[in-house]
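Structure, as structure tokens:
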Amino acid sequence: MPILALIAVLLAAGTHSTWNLFAKKAAGSRHFVWLYSVGSIVLYLPVVGWILVEEHPHFGRAECLALTGTAVLHTGYSLALQAGYRVSDLSLVYPIARGTGPLLSFVGAALLLGERPTWLAAVGLLLIVAGILLVAGLTQEPHRAPKVGIFFGLLTGLFIAGYTVNDGWAVKSLALSPFIIDFSGNLVRVVILAPLALRNPADVAREAREYARPAMVVSVLGPLGYILVLFAMRIAPVSHIAPARELSTLVGAYFGSRLLREQAVPARLAGAACIVVGVVSLAFAQ
């Protein structure tokens, strides 16, 4: 993995875990996904407009298919993640989602994108997934993990794998701008959720005031973190980038246990070590 790609992934891990903390704090909002999606469109519209004017990107059948795919998959991801945060802990839903995603992305990149990961990359992936299971506490006390939280974590991970493979194809094979890919997802998400939001204008206005800070943080950091990941995908194999993103699990688990006062699991130290060694394995994989 090129060092520039690794730096981008590390920065993305910090931004991703941070905005998930704020999304968990807004778990009581029914229109939070719509609110931060609108904010992202407003904030990133000037950049996307400049790209459209200066670079004149081509939008053929394949490009439109890729953008439609990312929009649908990211909408499902956002709704599943927020639903999980409403019913369960950040330190449970987040690690499960981030653990399932790279496993499926790894397989998808090999089968659909023609990548051939080495044995060292495969070992790194297994270490990361094992570490995430330990961080989530599923190896010691699986009976105490709420089933509904596990369900939404797995569902979110499925969407993560889907958009990772789709967007990896978009940036590597179709050379679409990361800004356009992320912007398309936000734009379609706003359109899909608009009817529900417009039927409850009073609720939307109240939640906009009550959750203004979390919505603003997610509006800024959500696209920024993913744009960094897409940039990394351009210069490194998707099967390496997808697992390396899971460094954000360490920060997310810390936020859940320390800042949100969720129950800590002793095995998380071992899980953290597995994740770090796994990422190092990916960085040195050829």
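Nothing here was measured: the structure is a model prediction, and the numbers come from that model.
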Report task. State, yes or no, whether a side-chain contact exists between Asp182 and Pro178 at a heavy-atom distance under 4.5 Å. Result -> no

Report task. Identify the heavy atoms of Gly84 and Phe152 that sit nearest to each other, and give their distance. Result -> CA-CB, 3.6 Å

**Report entry** For the student: nearest non-hydrogen atoms of Ala197 and Trp34, plus distance
**Finding:** CB-CD2, 3.8 Å

Query raised in the report: Got Leu228 and Val9 here, is their nearest side-chain heavy-atom distance under 4.5 Å?
Result: no

Requested in this report: Please step through side chain to side chain contact (heavy atoms under 4.5 Å, CB included) for the pair Met233 and Val229, ending with a clear verdict.
Outcome: CA-CA 6 Å; Met233 286 183 184; Val229 169; 3.8 Å; yes

**Report entry** Pair Val188-Val72, side chain to side chain contact (heavy atoms under 4.5 Å, CB included): steps then yes or no
**Finding:** CA-CA 8 Å; Val188 172; Val72 172; 5.7 Å; no

Report task. Please examine the side chains of Tyr44 and Leu224, heavy atoms only from C-beta on, and report whether any two atoms are closer than 4.5 Å. Result -> yes

Query raised in the report: Side chains of Arg206 and Asp203: does their closest heavy-atom pair fall under 4.5 Å?
Result: yes

Query raised in the report: Given Asp167 and Tyr226, is the side chain to side chain donor-acceptor pair (under 3.5 Å) satisfied, shown in steps?
Result: CA-CA 10 Å; Asp167 298 352; Tyr226 195 57; 2.5 Å; yes

Requested in this report: Might you work through the side chain to side chain contact (heavy atoms under 4.5 Å, CB included) test for Leu45 and Phe183, ending with a clear yes or no?
Outcome: CA-CA 8 Å; Leu45 180 60; Phe183 188 85; 3.7 Å; yes

Query raised in the report: Are Leu196 and Val33 connected in the hydrophobic side-chain network, where two residues link if heavy atoms are under 4.5 Å apart?
Result: no

Query - Leu35 and Glu207: CA distance, side-chain angles, deciding distance, side chain to side chain contact (heavy atoms under 4.5 Å, CB included) verdict - result: CA-CA 9 Å; Leu35 289 171; Glu207 291 181 9; 4.1 Å; yes

Query raised in the report: Do Ile192 and Arg189 have side chains that get closer than 4.5 Å, going by heavy atoms?
Result: no

Query raised in the report: Between the side chain of Ser173 and the main-chain N/O of Ala170, is any donor-acceptor distance below 3.5 Å?
Result: no

Query raised in the report: Within the side chain of Thr70, is there an N or O that forms a donor-acceptor pair under 3.5 Å with the backbone of Ala66?
Result: no

Report summary line: Scanning both residues in full, the closest heavy-atom pair of Gly14 with Thr18 reads O-OG1, 2.7 Å

Query raised in the report: Between Val218 and Phe32, is any pair of side-chain heavy atoms under 4.5 Å apart?
Result: yes

Show the atom names and distances, to 0.1 Å, of all donor-acceptor pairs under 3.5 Å that link a side chain in residues 54-64 to residues at least two apart or in another chain.
residue, atom, partner, partner atom, Å
His56, NE2, Val53, O, 3.0
His58, NE2, Gly60, N, 3.4
Glu63, OE1, Gly60, N, 2.9

Query raised in the report: Is a side-chain N or O of Thr15 found less than 3.5 angstrom from the main chain of Ala12, in a donor-acceptor match?
Result: yes

Query raised in the report: Below 4.5 Å, heavy atoms only, C-beta onward: do Leu193 and Ser37 meet side chain to side chain?
Result: no

**Report entry** Nearest non-hydrogen partners of Val38 and Val190, listed with the distance
**Finding:** N-CG2, 3.7 Å

Requested in this report: Would you mind reporting whether Asn20 and Tyr85 have side-chain heavy atoms less than 4.5 Å apart?
Outcome: yes

Report summary line: Sorted by chain and number, sequence neighbours left out, ring pair (Phe, Tyr, Trp, His ring centres under 6.0 Å) with Tyr77 holds for Tyr163

